[in-house]
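The structure displayed is predicted, hence computed values, not measured ones.
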Amino acid sequence: MKICLDAGHGTGQNQSPARCGYFEGDRMFTLQRLLQQELEAYGVTVVCTRAARQDDPPLYTRALAAKDCDLFLSLHSNAAGNGVCESVDYPVVFYPVSGKGIGLAAELAECIHKTMGTLQPAQTRVRWNSAHNADYYGVIRFTAAFGVTGMILEHSFHTNTRMTSWLLDDENLKRLAAAEAAVLAEHYGLKKTADEPQRAETVCYHLLSDVPQGDYRTVLDKLIAADILRGRSGTGEERVLDLTEDSVRLLVLLDRAGAFGS
């Protein structure tokens, strides 16, 4: 079994109007990595269109990565206009106009709905191009040309404050990845490999507010005040860091050694 995962967009793209620290391209990259780990535990060979966070390949290149794969999943969060919209939160999965994969699309959409706790029910859709002779979305159209079933998974809306906050939580993304992998495993009759190695979980602090109080937070606040640490974007508690715990621990040790001055 071979699946291609496509984290939509690129780093710093599609910022949420509800939570300024949320960028679709970055959070979907994190979800891609977590889903890859979960699928590999079932013995699935996983290909990713974005090997690094900064990658943002064209749509055709993304689809080309799925050649010889059994399935292509493009991971996204949706938007209802340009401002905050609290009334819309449904997940939707787009599948090919050929109808291939409609059952799996429904299973994945329902999985997202239940895991994220959206107020609105899950949806599945197709979208035709203007000529009504092919898929509208490039990644679905291009993968179909390679004989691969492609889908776009919209994980609710980053214009909804509650859903955006949910997606900013790494533990939530881990649960989402595990749930989606379980649906795929059930659909394709896969079992977890008995000799799966135990992976040490990597703790990552996406926002400054994610960093616990204590030495970690004290040193980071000091480095930010000194303009040594700027982060990726945002300000205050919403400053985007994307630092692993190991990286923060190293900064603490360097600070104790006097590397950053008094």
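A salt bridge does not link Asp169 with Arg27: none of the charged nitrogens is closer than 4.0 Å to a carboxylate oxygen. Between Glu154 and Arg127 there is no salt bridge, since no side-chain N of the basic residue sits under 4.0 Å from a carboxylate O of the acidic one. The existence of a salt bridge linking Asp170 and Lys174 is excluded, since no basic side-chain nitrogen approaches an acidic carboxylate oxygen closer than 4.0 Å.
Crowding of Asn133 atom CG: a count of heavy atoms from other residues, nucleotides or ligands under 6.0 Å exceeding 12.
Side-chain contact between Arg230 and Ile224: absent, with no pair of heavy atoms (C-beta onward) separated by less than 4.5 Å. Side-chain contact between Leu59 and Phe142 is present, with heavy atoms from C-beta onward closer than 4.5 Å. Looking only at side-chain heavy atoms (C-beta outward), Val248 and Val219 stay at 4.5 Å or farther from each other. Side chains of Met116 and Pro91 form no contact here, defined as non-hydrogen atoms less than 4.5 Å apart. Between Asp68 and Val47, the closest side-chain pair of non-hydrogen atoms is not below 4.5 Å. The shortest distance between side-chain heavy atoms of Leu176 and Trp166 falls below 4.5 Å. Annotation: side chain of Asn78 is not in contact with side chain of Ser156 (no heavy-atom distance under 4.5 Å). Within the 4.5 Å cutoff, the side chain of Glu180 has no heavy atoms near those of the Val183 side chain.
Across Tyr205 and Asp210, no two heavy atoms sit closer than the pair CD2-O, 3.5 Å. Residues Cys4 and Thr49 come closest through the heavy atom pair SG-CG2, 3.7 Å. The nearest pair of heavy atoms linking Ala177 to Leu35 is O-CD1, 3.4 Å. The nearest pair of heavy atoms linking Thr124 to Tyr95 is CB-CE2, 3.9 Å.
Of the N and O atoms on the side chains of His155 and Glu24, not one donor lies less than 3.5 Å from an acceptor on the other residue. Side chain to side chain, Gln36 and Glu40 meet the donor-acceptor criterion of an N or O pair below 3.5 Å. Side-chain N/O atoms of Asp89 and Thr118 include no donor and acceptor closer than 3.5 Å. Side-chain contact, Gln13 with Asp56: a donor N or O sits under 3.5 Å from an acceptor N or O. Side-chain atoms of His76 and Ser74 include a donor-acceptor pair closer than 3.5 Å. A side-chain donor-acceptor contact under 3.5 Å links Glu86 and Thr161. In summary, the side chains of Ser77 and His158 do present a donor paired with an acceptor at a separation below 3.5 Å, with no hydrogens or angles considered.
Judged by distance alone, the side chain of Asp55 and the main-chain N or O of Ala51 form a donor-acceptor pair under 3.5 Å. Counting only distance, with no hydrogens or angles, the side chain of Arg19 and the backbone of Thr164 share no donor-acceptor pair below 3.5 Å. Looking at Arg232, its side chain never comes within 3.5 Å of a backbone N or O of Val240 through a donor-acceptor pair. The backbone N or O of Arg50 sits less than 3.5 Å from a side-chain atom of Gln32, completing a donor-acceptor pair. At distances below 3.5 Å, at least one donor-acceptor pair connects side-chain atoms of Asp135 with backbone N or O atoms of Val97. In this structure a side-chain-to-backbone donor-acceptor pair under 3.5 Å is present from Thr143 to Ile140. With hydrogens and angles disregarded, no donor-acceptor distance shorter than 3.5 Å links the side chain of Ser247 to the backbone of Leu243. In this structure, the side chain of Asn160 does not engage the main chain of Phe157 through any donor-acceptor pair within 3.5 Å.
Taking the six-membered ring wherever Trp is involved, the centroid distance between the rings of Tyr136 and Phe94 does not fall below 6.0 Å.
Hydrophobic clustering (ILVMFWY, side-chain heavy atoms < 4.5 Å, transitive): Met28 and Tyr137 are in distinct clusters. If you chain together hydrophobic residues whose side chains sit under 4.5 Å apart, Tyr90 and Met151 never meet in one group. Leu207 and Leu34 fall within the same hydrophobic cluster, where Ile, Leu, Val, Met, Phe, Trp and Tyr residues are linked whenever their side-chain heavy atoms come under 4.5 Å apart, directly or through other members.
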message: For a ring-ring contact (aromatic ring centres under 6.0 Å, His included) check, start with the C-alpha distance between Phe146 and Phe72, then their side-chain angles and the critical distance, and finish with the verdict.
response: CA-CA 11 Å; Phe146 299 136; Phe72 173 92; 9.9 Å; no
- prompt: Do Asp70 and Lys2 pass the salt bridge (charged side-chain N to carboxylate O under 4.0 Å, His left out) test, and can you show the C-alpha distance, the side-chain angles, and the key distance before you say yes or no?
  reply: CA-CA 5 Å; Asp70 300 288; Lys2 190 175 182 181; over 6 Å; no
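Of the options Arg249, Arg256, Lys222, a salt bridge (charged side-chain N to carboxylate O under 4.0 Å, His left out) to Asp215 is made by Arg256 and by none of the others.
A cation-pi arrangement, defined by a distance under 6.0 Å to the six-membered ring centre and an angle within 45 degrees of its axis, is absent between Arg53 and Phe29.
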